[in-house]
Amino acid sequence: MSQQLSDAQLEADLAFAIQTAREAGERIAGLRETGRWTDPVIMGDVADQAADGYLQGYLRGRYPDDGILSEETADSEARLACWRTWIVDPLDGTKEYRTDRDDYAVHVAMTLDGVPAVGAVALPALGSVLWGVSLPGRERGGIEGSDAELLRGDSPEPDTHRMVCSRSHTPAWIERFVEALGDTELVRCGSVGFKASRLLLGEADLYVHKTGLKEWDTCAPEVIARALGWHVCRIDGSAQVYNQADPRNDELIICRPAIAERVLETVQRPGIIDG
Ligand SMILES: Nc1ncnc2c1ncn2[C@@H]1O[C@H](COP(=O)(O)O)[C@@H](OP(=O)(O)O)[C@H]1O
Ligand SMILES: [Mg+2]
(Lines give C-alpha, C1' and ligand atoms only; values in the text may rest on other atoms or scores of the structure.)
(Ligands and ions follow the chains in the order given, each with its own letter.)
Protein backbone atom coordinates (compact mmCIF):
# COMPACT_ATOMS: atom_id res chain seq x y z
CA MET A 1 0.00 0.00 0.00
CA SER A 2 1.85 3.06 -1.22
CA GLN A 3 -0.52 5.67 0.32
CA GLN A 4 -1.72 6.01 3.90
CA LEU A 5 -5.32 6.45 4.94
CA SER A 6 -5.61 9.15 7.63
CA ASP A 7 -7.39 8.30 10.89
CA ALA A 8 -10.14 10.80 10.05
CA GLN A 9 -10.71 9.28 6.61
CA LEU A 10 -10.73 5.78 8.08
CA GLU A 11 -13.41 6.82 10.59
CA ALA A 12 -15.51 8.38 7.83
CA ASP A 13 -15.15 5.30 5.60
CA LEU A 14 -16.09 2.96 8.43
CA ALA A 15 -19.14 5.03 9.42
CA PHE A 16 -20.18 5.11 5.76
CA ALA A 17 -19.83 1.31 5.38
CA ILE A 18 -21.89 0.66 8.53
CA GLN A 19 -24.60 3.15 7.65
CA THR A 20 -25.04 2.05 4.04
CA ALA A 21 -25.02 -1.67 4.88
CA ARG A 22 -27.62 -1.09 7.60
CA GLU A 23 -29.86 1.10 5.45
CA ALA A 24 -29.67 -1.16 2.38
CA GLY A 25 -30.53 -4.07 4.69
CA GLU A 26 -33.51 -2.21 6.15
CA ARG A 27 -34.76 -1.61 2.63
CA ILE A 28 -34.67 -5.24 1.57
CA ALA A 29 -36.09 -6.50 4.88
CA GLY A 30 -38.93 -4.00 4.44
CA LEU A 31 -39.58 -5.08 0.86
CA ARG A 32 -40.00 -8.68 1.95
CA GLU A 33 -42.29 -7.72 4.81
CA THR A 34 -44.73 -5.96 2.49
CA GLY A 35 -45.73 -9.34 1.03
CA ARG A 36 -46.26 -7.58 -2.29
CA TRP A 37 -44.23 -10.06 -4.36
CA THR A 38 -45.68 -13.55 -4.38
CA ASP A 39 -43.05 -14.94 -6.74
CA PRO A 40 -39.93 -15.42 -4.59
CA VAL A 41 -37.54 -15.11 -7.54
CA ILE A 42 -39.02 -11.77 -8.56
CA MET A 43 -38.92 -10.61 -4.96
CA GLY A 44 -35.21 -11.56 -4.78
CA ASP A 45 -34.49 -9.66 -8.00
CA VAL A 46 -36.37 -6.58 -6.79
CA ALA A 47 -34.45 -6.64 -3.50
CA ASP A 48 -31.10 -7.12 -5.27
CA GLN A 49 -31.78 -4.10 -7.46
CA ALA A 50 -33.19 -1.97 -4.65
CA ALA A 51 -30.16 -2.55 -2.43
CA ASP A 52 -27.71 -2.16 -5.29
CA GLY A 53 -29.29 1.09 -6.49
CA TYR A 54 -29.14 2.48 -2.98
CA LEU A 55 -25.50 1.48 -2.44
CA GLN A 56 -24.34 2.66 -5.88
CA GLY A 57 -26.10 6.00 -5.50
CA TYR A 58 -24.54 6.63 -2.12
CA LEU A 59 -21.09 5.46 -3.20
CA ARG A 60 -21.01 7.43 -6.45
CA GLY A 61 -22.20 10.55 -4.67
CA ARG A 62 -19.82 10.35 -1.73
CA TYR A 63 -16.75 8.83 -3.37
CA PRO A 64 -16.80 9.70 -7.09
CA ASP A 65 -13.12 8.82 -7.57
CA ASP A 66 -13.23 5.40 -5.91
CA GLY A 67 -13.66 2.13 -7.77
CA ILE A 68 -16.79 0.00 -7.24
CA LEU A 69 -17.27 -3.72 -7.72
CA SER A 70 -20.83 -4.92 -7.11
CA GLU A 71 -22.48 -8.24 -7.77
CA GLU A 72 -25.44 -6.47 -9.37
CA THR A 73 -23.83 -3.90 -11.67
CA ALA A 74 -21.88 -4.35 -14.92
CA ASP A 75 -18.19 -4.34 -14.09
CA SER A 76 -15.80 -1.67 -15.34
CA GLU A 77 -12.04 -2.02 -15.60
CA ALA A 78 -11.72 1.57 -14.32
CA ARG A 79 -11.73 0.13 -10.79
CA LEU A 80 -8.44 -1.72 -11.50
CA ALA A 81 -6.54 1.59 -11.53
CA CYS A 82 -8.09 2.82 -8.24
CA TRP A 83 -6.19 2.87 -4.95
CA ARG A 84 -9.52 2.69 -3.12
CA THR A 85 -12.17 0.25 -4.36
CA TRP A 86 -15.48 -0.57 -2.69
CA ILE A 87 -16.64 -4.17 -3.01
CA VAL A 88 -20.32 -4.71 -2.25
CA ASP A 89 -22.83 -7.53 -2.27
CA PRO A 90 -26.28 -5.93 -2.03
CA LEU A 91 -27.91 -9.23 -1.06
CA ASP A 92 -25.82 -12.23 -0.09
CA GLY A 93 -27.79 -15.38 0.57
CA THR A 94 -30.39 -14.66 -2.11
CA LYS A 95 -31.91 -18.13 -1.88
CA GLU A 96 -32.46 -17.74 1.85
CA TYR A 97 -33.93 -14.25 1.45
CA ARG A 98 -36.39 -15.61 -1.09
CA THR A 99 -37.53 -18.36 1.24
CA ASP A 100 -38.25 -16.11 4.20
CA ARG A 101 -35.21 -17.21 6.18
CA ASP A 102 -33.00 -14.98 8.36
CA ASP A 103 -29.63 -16.05 6.95
CA TYR A 104 -28.98 -13.32 4.41
CA ALA A 105 -26.78 -10.23 4.55
CA VAL A 106 -25.64 -7.00 2.91
CA HIS A 107 -21.87 -6.63 2.47
CA VAL A 108 -20.02 -3.31 2.12
CA ALA A 109 -16.21 -3.34 2.08
CA MET A 110 -13.40 -1.04 1.01
CA THR A 111 -10.02 -2.24 -0.22
CA LEU A 112 -6.75 -0.35 -0.60
CA ASP A 113 -4.57 -1.60 -3.45
CA GLY A 114 -6.34 -4.95 -3.20
CA VAL A 115 -5.87 -5.26 0.58
CA PRO A 116 -9.12 -5.56 2.60
CA ALA A 117 -9.39 -2.51 4.86
CA VAL A 118 -12.91 -1.65 6.07
CA GLY A 119 -16.02 -3.83 6.14
CA ALA A 120 -19.62 -3.99 7.32
CA VAL A 121 -21.98 -6.96 7.19
CA ALA A 122 -25.61 -6.12 7.90
CA LEU A 123 -27.88 -8.94 9.09
CA PRO A 124 -31.23 -7.24 8.41
CA ALA A 125 -33.41 -10.00 9.81
CA LEU A 126 -31.51 -9.81 13.11
CA GLY A 127 -31.30 -6.00 13.14
CA SER A 128 -27.54 -5.93 13.57
CA VAL A 129 -24.43 -4.84 11.68
CA LEU A 130 -21.00 -6.36 12.24
CA TRP A 131 -18.12 -4.07 11.32
CA GLY A 132 -14.35 -4.10 11.22
CA VAL A 133 -11.09 -2.46 10.21
CA SER A 134 -8.40 -4.94 9.16
CA LEU A 135 -5.54 -2.63 8.20
CA PRO A 136 -2.35 -3.98 9.79
CA GLY A 137 -1.77 -2.29 13.15
CA ARG A 138 -5.20 -0.59 13.13
CA GLU A 139 -7.45 -3.64 13.59
CA ARG A 140 -10.73 -3.32 15.48
CA GLY A 141 -14.23 -4.63 15.13
CA GLY A 142 -17.63 -4.73 16.75
CA ILE A 143 -21.36 -5.05 16.33
CA GLU A 144 -24.19 -2.51 16.29
CA GLY A 145 -27.82 -3.26 17.07
CA SER A 146 -27.06 -6.07 19.46
CA ASP A 147 -25.79 -6.48 23.02
CA ALA A 148 -23.64 -9.42 21.93
CA GLU A 149 -19.86 -9.18 22.02
CA LEU A 150 -17.92 -10.49 19.07
CA LEU A 151 -15.51 -13.33 19.82
CA ARG A 152 -11.86 -12.86 19.05
CA GLY A 153 -9.85 -15.48 17.18
CA ASP A 154 -7.92 -16.33 20.34
CA SER A 155 -11.10 -17.18 22.28
CA PRO A 156 -11.14 -20.74 23.72
CA GLU A 157 -11.77 -23.65 21.37
CA PRO A 158 -14.72 -25.92 22.16
CA ASP A 159 -14.03 -29.69 22.22
CA THR A 160 -16.30 -30.27 19.23
CA HIS A 161 -15.87 -27.89 16.34
CA ARG A 162 -18.92 -26.55 14.56
CA MET A 163 -18.27 -25.96 10.90
CA VAL A 164 -20.55 -23.70 8.88
CA CYS A 165 -21.16 -24.69 5.29
CA SER A 166 -23.42 -23.65 2.45
CA ARG A 167 -27.05 -24.82 2.52
CA SER A 168 -27.59 -24.57 -1.20
CA HIS A 169 -24.11 -25.18 -2.61
CA THR A 170 -23.06 -27.99 -0.26
CA PRO A 171 -19.95 -29.60 -1.74
CA ALA A 172 -19.57 -33.37 -1.96
CA TRP A 173 -16.16 -33.29 -0.21
CA ILE A 174 -17.45 -31.69 2.97
CA GLU A 175 -18.34 -34.98 4.73
CA ARG A 176 -14.84 -36.36 3.96
CA PHE A 177 -13.25 -33.21 5.33
CA VAL A 178 -15.32 -33.25 8.51
CA GLU A 179 -14.50 -36.90 9.14
CA ALA A 180 -10.79 -36.34 8.53
CA LEU A 181 -10.70 -33.32 10.84
CA GLY A 182 -12.54 -35.23 13.58
CA ASP A 183 -14.82 -33.92 16.37
CA THR A 184 -16.61 -31.61 13.97
CA GLU A 185 -20.31 -31.10 13.35
CA LEU A 186 -21.83 -29.29 10.40
CA VAL A 187 -24.04 -26.20 10.62
CA ARG A 188 -25.67 -25.44 7.26
CA CYS A 189 -26.78 -21.88 6.51
CA GLY A 190 -26.83 -19.34 3.72
CA SER A 191 -24.70 -16.27 2.97
CA VAL A 192 -20.97 -15.86 3.56
CA GLY A 193 -21.56 -12.85 5.79
CA PHE A 194 -24.12 -14.72 7.87
CA LYS A 195 -21.79 -17.72 8.15
CA ALA A 196 -18.88 -15.54 9.27
CA SER A 197 -21.22 -13.97 11.83
CA ARG A 198 -21.88 -17.42 13.31
CA LEU A 199 -18.16 -17.73 14.12
CA LEU A 200 -17.90 -14.22 15.54
CA LEU A 201 -21.04 -14.71 17.65
CA GLY A 202 -19.87 -18.01 19.14
CA GLU A 203 -22.19 -20.33 17.24
CA ALA A 204 -19.55 -21.89 15.00
CA ASP A 205 -15.80 -22.23 14.82
CA LEU A 206 -14.80 -22.86 11.26
CA TYR A 207 -15.81 -22.11 7.66
CA VAL A 208 -14.25 -23.76 4.62
CA HIS A 209 -15.55 -23.27 1.07
CA LYS A 210 -13.94 -24.22 -2.22
CA THR A 211 -15.95 -23.21 -5.30
CA GLY A 212 -18.10 -20.42 -6.66
CA LEU A 213 -17.32 -17.49 -4.37
CA LYS A 214 -16.70 -14.01 -5.75
CA GLU A 215 -14.91 -11.06 -4.19
CA TRP A 216 -18.20 -9.48 -3.09
CA ASP A 217 -19.12 -12.66 -1.19
CA THR A 218 -15.91 -12.79 0.84
CA CYS A 219 -14.50 -9.26 1.23
CA ALA A 220 -16.59 -7.67 3.99
CA PRO A 221 -16.82 -10.90 6.05
CA GLU A 222 -13.05 -11.34 5.70
CA VAL A 223 -12.35 -7.80 6.95
CA ILE A 224 -14.39 -8.33 10.11
CA ALA A 225 -12.91 -11.76 10.84
CA ARG A 226 -9.37 -10.42 10.37
CA ALA A 227 -10.16 -7.37 12.48
CA LEU A 228 -10.93 -9.70 15.39
CA GLY A 229 -7.84 -11.86 14.94
CA TRP A 230 -9.36 -14.82 13.12
CA HIS A 231 -7.28 -16.65 10.54
CA VAL A 232 -8.51 -16.00 6.98
CA CYS A 233 -6.92 -17.52 3.90
CA ARG A 234 -7.36 -19.51 0.70
CA ILE A 235 -7.09 -23.29 0.62
CA ASP A 236 -3.34 -23.16 -0.15
CA GLY A 237 -2.92 -20.90 2.90
CA SER A 238 -2.29 -17.72 0.91
CA ALA A 239 -4.15 -14.45 1.47
CA GLN A 240 -6.97 -13.29 -0.82
CA VAL A 241 -5.98 -10.36 -3.02
CA TYR A 242 -8.95 -8.16 -3.95
CA ASN A 243 -9.88 -5.87 -6.83
CA GLN A 244 -8.65 -8.38 -9.40
CA ALA A 245 -9.78 -8.25 -13.04
CA ASP A 246 -11.64 -11.55 -12.53
CA PRO A 247 -13.70 -11.19 -9.33
CA ARG A 248 -14.06 -14.95 -8.96
CA ASN A 249 -11.95 -16.03 -5.99
CA ASP A 250 -13.80 -19.31 -5.24
CA GLU A 251 -12.26 -20.23 -1.89
CA LEU A 252 -12.34 -19.12 1.70
CA ILE A 253 -11.19 -20.46 5.05
CA ILE A 254 -11.97 -18.71 8.35
CA CYS A 255 -10.94 -20.33 11.64
CA ARG A 256 -9.13 -19.62 14.87
CA PRO A 257 -5.36 -19.24 14.40
CA ALA A 258 -4.90 -22.08 16.92
CA ILE A 259 -6.36 -24.64 14.50
CA ALA A 260 -5.33 -23.07 11.19
CA GLU A 261 -2.40 -25.43 10.66
CA ARG A 262 -4.57 -28.50 11.33
CA VAL A 263 -7.37 -27.26 9.07
CA LEU A 264 -4.95 -26.52 6.24
CA GLU A 265 -3.14 -29.83 6.60
CA THR A 266 -6.47 -31.68 6.51
CA VAL A 267 -8.02 -29.79 3.60
CA GLN A 268 -4.82 -30.12 1.54
CA ARG A 269 -4.47 -33.87 2.21
CA PRO A 270 -4.73 -35.81 -1.07
CA GLY A 271 -8.23 -37.23 -1.60
CA ILE A 272 -10.06 -34.79 0.67
CA ILE A 273 -11.27 -32.03 -1.63
CA ASP A 274 -9.76 -33.36 -4.83
CA GLY A 275 -11.14 -36.87 -4.41
N1 LIG B 1 -20.77 -23.45 -5.86
C2 LIG B 1 -21.27 -22.23 -6.03
N3 LIG B 1 -21.73 -21.82 -7.23
C4 LIG B 1 -22.24 -20.58 -7.40
N5 LIG B 1 -22.31 -19.64 -6.42
C6 LIG B 1 -21.86 -19.98 -5.22
C7 LIG B 1 -21.32 -21.28 -4.96
N8 LIG B 1 -20.96 -21.32 -3.67
C9 LIG B 1 -21.25 -20.11 -3.15
N10 LIG B 1 -21.80 -19.31 -4.07
C11 LIG B 1 -22.23 -17.89 -3.88
O12 LIG B 1 -21.72 -17.45 -2.65
C13 LIG B 1 -22.73 -16.85 -1.86
C14 LIG B 1 -22.93 -17.67 -0.61
O15 LIG B 1 -23.37 -18.95 -0.95
P16 LIG B 1 -24.06 -19.85 0.12
O17 LIG B 1 -25.19 -19.03 0.67
O18 LIG B 1 -24.48 -21.08 -0.61
O19 LIG B 1 -23.02 -20.12 1.14
C20 LIG B 1 -24.00 -16.79 -2.70
O21 LIG B 1 -24.06 -15.46 -3.17
P22 LIG B 1 -25.45 -14.68 -3.50
O23 LIG B 1 -26.51 -15.16 -2.58
O24 LIG B 1 -25.06 -13.26 -3.28
O25 LIG B 1 -25.71 -14.98 -4.93
C26 LIG B 1 -23.74 -17.81 -3.80
O27 LIG B 1 -24.26 -17.43 -5.04
MG1 LIG C 1 -23.15 -13.15 -2.53
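Along the sequence shown, residues carry numbers from 1. Since the structure is predicted, the reported quantities are computational estimates derived from the model, not experimental observations. Every number for a ligand or one of its atoms is a count from 1 in the order of the listing.
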Can you pull out the closest protein heavy atom to atom 1 (N) of ligand 1? Residue, atom name and distance to 0.1 Å, please.
T211 O, 3.2 Å

When you check the gap from the basic side-chain N to the acidic O, do E157 and R256 get nearer than 4.0 Å?
yes

For D92 and D89, indicate whether the former's side chain and the latter's backbone hold a donor-acceptor pair under 3.5 Å.
no

Quick one: look up the protein heavy atom nearest atom 3 (N) of ligand 1 and list residue, atom name and how far away it is.
H169 CD2, 3.6 Å

In terms of atom number and element, which parts of ligand 1 are under 4.0 angstrom from non-hydrogen atoms of G190?
17 (O)

Looking at D92, which of its N, O or S atoms is the nearest one to the Mg ion (ligand 2)?
OD1

Check this for me: does any side-chain nitrogen of one of R248 and D246 sit under 4.0 Å from a carboxylate oxygen of the other?
no

Which one holds for K214 and ligand 1: side chain close, backbone close, both close, or neither close, with close meaning a heavy atom under 4.0 Å?
neither

Between R226 and E222, is the closest basic N to carboxylate O distance under 4.0 Å?
yes

Any N or O of L213 that comes nearer than 3.5 Å to an N or O of ligand 1?
no

Just wondering, is there an N, O or S atom on E71 that's nearer than 2.8 Å to the Mg ion (ligand 2)?
no

Looking only at protein heavy atoms, which one is nearest to atom 16 (P) of ligand 1, and how far off is it?
S166 OG, 3.4 Å

What atoms of ligand 1 come closer than 4.0 angstrom to any heavy atom of T94?
22 (P), 23 (O), 24 (O), 25 (O)

If you scan protein heavy atoms around atom 8 (N) of ligand 1, the nearest is H209 NE2, 3.0 Å

The Mg ion (ligand 2) to D217: nearest N/O/S atom name
OD1

Run the salt-bridge test on D13 and R84 with the 4.0 Å N-O cut-off and return the result as yes or no.
yes

Is R176 reaching over with its side chain to a backbone N or O of I272, donor-acceptor style, under 3.5 angstrom?
yes

Nearest protein heavy-atom contact for atom 20 (C) of ligand 1: which residue, which atom, what distance?
D92 OD1, 3.7 Å

So which bit of K195 gets within less than 4.0 Å of ligand 1, heavy atoms only: side chain, backbone, both or neither?
side chain

Does some side-chain heavy atom of L14 sit less than 4.5 Å from a side-chain heavy atom of R140?
yes

What's the shortest distance from atom 23 (O) of ligand 1 to any protein heavy atom, and which residue and atom give it?
G93 N, 2.7 Å

Is it true that R162 and E185 have a side-chain N and a carboxylate O under 4.0 angstrom from each other?
no

Within-shell test, T170 vs ligand 1, heavy atom, strictly < 4.0 Å:
no

Between H107 and G193 (side chain of the first, backbone of the second, donor and acceptor by atom type, cut-off under 3.5 Å), is there such a pair?
yes

When you measure from the side chain of R22 to the backbone of V121, do you find a donor-acceptor pair of N or O atoms at a distance under 3.5 Å?
no

Nearest heavy-atom pair of C82 and N243: which atoms, and what distance?
O-ND2, 4.0 Å

Need the ligand 1 atom indices (1-based, order shown) with element for anything under 4.0 Å from a heavy-atom of V192.
14 (C)

Does the cation-pi check pass for R32 over Y97, that is, NZ or CZ under 6.0 Å from the six-membered ring centre and within 45° of its axis?
yes

Test of proximity, D89 against ligand 1: N or O pairs below 3.5 Å:
yes

Where ligand 1 meets S168 - atom numbers and elements under 4.0 angstrom, heavy-atom basis:
18 (O)

Are the side chains of V208 and W173 in touch, meaning some heavy atoms are under 4.5 Å apart?
yes

May I ask you to check whether L91 has an N/O atom sitting below 3.5 Å from an N/O atom of ligand 1?
yes

Can you tell me which residue and heavy atom of the protein come closest to atom 17 (O) of ligand 1, and the distance to 0.1 Å?
S191 N, 2.7 Å

Protein heavy atom at shortest distance from atom 10 (N) of ligand 1
G212 O, 3.6 Å

Checking distances from the Mg ion (ligand 2), one finds that the N, O or S atom of D89 closest to it is OD2

